[in-house]
Amino acid sequence: MDRFQIGTLRAYYGALITEKQNEMLRLHYDEDISLGELAEMFSVSRQAALDAIKRGESALAEYEAKLHLVARERKVAELIGEAVSRLDAADVDGCRSRLADAKALLEE
């Protein structure tokens with residue numbers, strides 16, 4: 001996973017992983033702290049730091065696979081963008097349709 005994906009998933013599901021995993025992910029991806037530096041900061045081995053990061057990444061991915069919150073938000077944003085485009089093109093019925101689809105996704 002790339003930095004953006006991890007950051008996005010942490011924004012949604014960070015409270016659901018351990019505080020230590022969340023902090024290690026934040027430091028590693030947001031602050032560009034190396035495994036060696038993390039190991040020193042948390043008084044663990046490099047392998048333990050890597051394991052914590054991998055477990056955190058895996059947990060975040062599992063939450064998204066089950067809950068689909070990030071995917072849902074992206075789809076809603078896409079539908080709203082399409083609604084605006086249709087409204088700009090004077091396609092009121094198409095706009096209503098896209099907004100109804102977005103509303104339905106939000107109500108799931």
query = salt bridge (charged side-chain N to carboxylate O under 4.0 Å, His left out) with Asp93: which residues, sequence neighbours excluded?
reply = Arg96
How close do [X] and [Y] get, heavy atom to heavy atom, and via which atoms?
X	Y	result
Ala102	Val76	O-CG2, 4.0 Å
Ala39	Ala49	N-CB, 4.2 Å
Tyr13	Val70	OH-N, 4.1 Å
Ala71	Glu64	N-OE2, 3.0 Å
Asn22	Gly14	ND2-O, 3.3 Å
Met41	Leu27	CE-CD1, 3.6 Å

Any non-hydrogen side-chain atom of [X] less than 4.5 Å from a side-chain atom of [Y]?
X	Y	value
Leu79	Leu105	yes
Tyr63	Leu69	no
Glu23	Phe42	yes
Ile80	Arg98	no
Leu50	Leu38	no

Rounded at 0.5 Å granularity, tell me how far [atom1] in [X] sits from [atom2] in [Y].
X	Y	atom1	atom2	result
Arg26	Ile33	CZ	CD1	8.5 Å
Ile53	Leu35	CD1	CG	5.0 Å
Gln21	Asp51	CD	CG	10.5 Å
Glu57	Leu25	CD	CG	6.0 Å
His28	Ser34	NE2	OG	8.5 Å
Asp101	Glu82	CG	CD	8.5 Å

query = Sequence neighbours excluded, which residues qualify as side chain to side chain contact (heavy atoms under 4.5 Å, CB included) partners of Ser45?
reply = Gln47, Ala48
inquiry  = Could you check whether Glu78 pairs with Lys75 (Lys NZ or Arg NE/NH1/NH2 to Asp/Glu carboxylate O, under 4.0 Å)?
reply    = yes
request  = May I ask you to decide whether Asp32 forms a salt bridge with Arg3, counting only side-chain N to carboxylate O separations under 4.0 Å?
outcome  = yes
message = Whether the Gln5 and Thr8 side chains hold a donor-acceptor pair (N or O, under 3.5 Å, no angle test) is what I'd like checked.
response = no
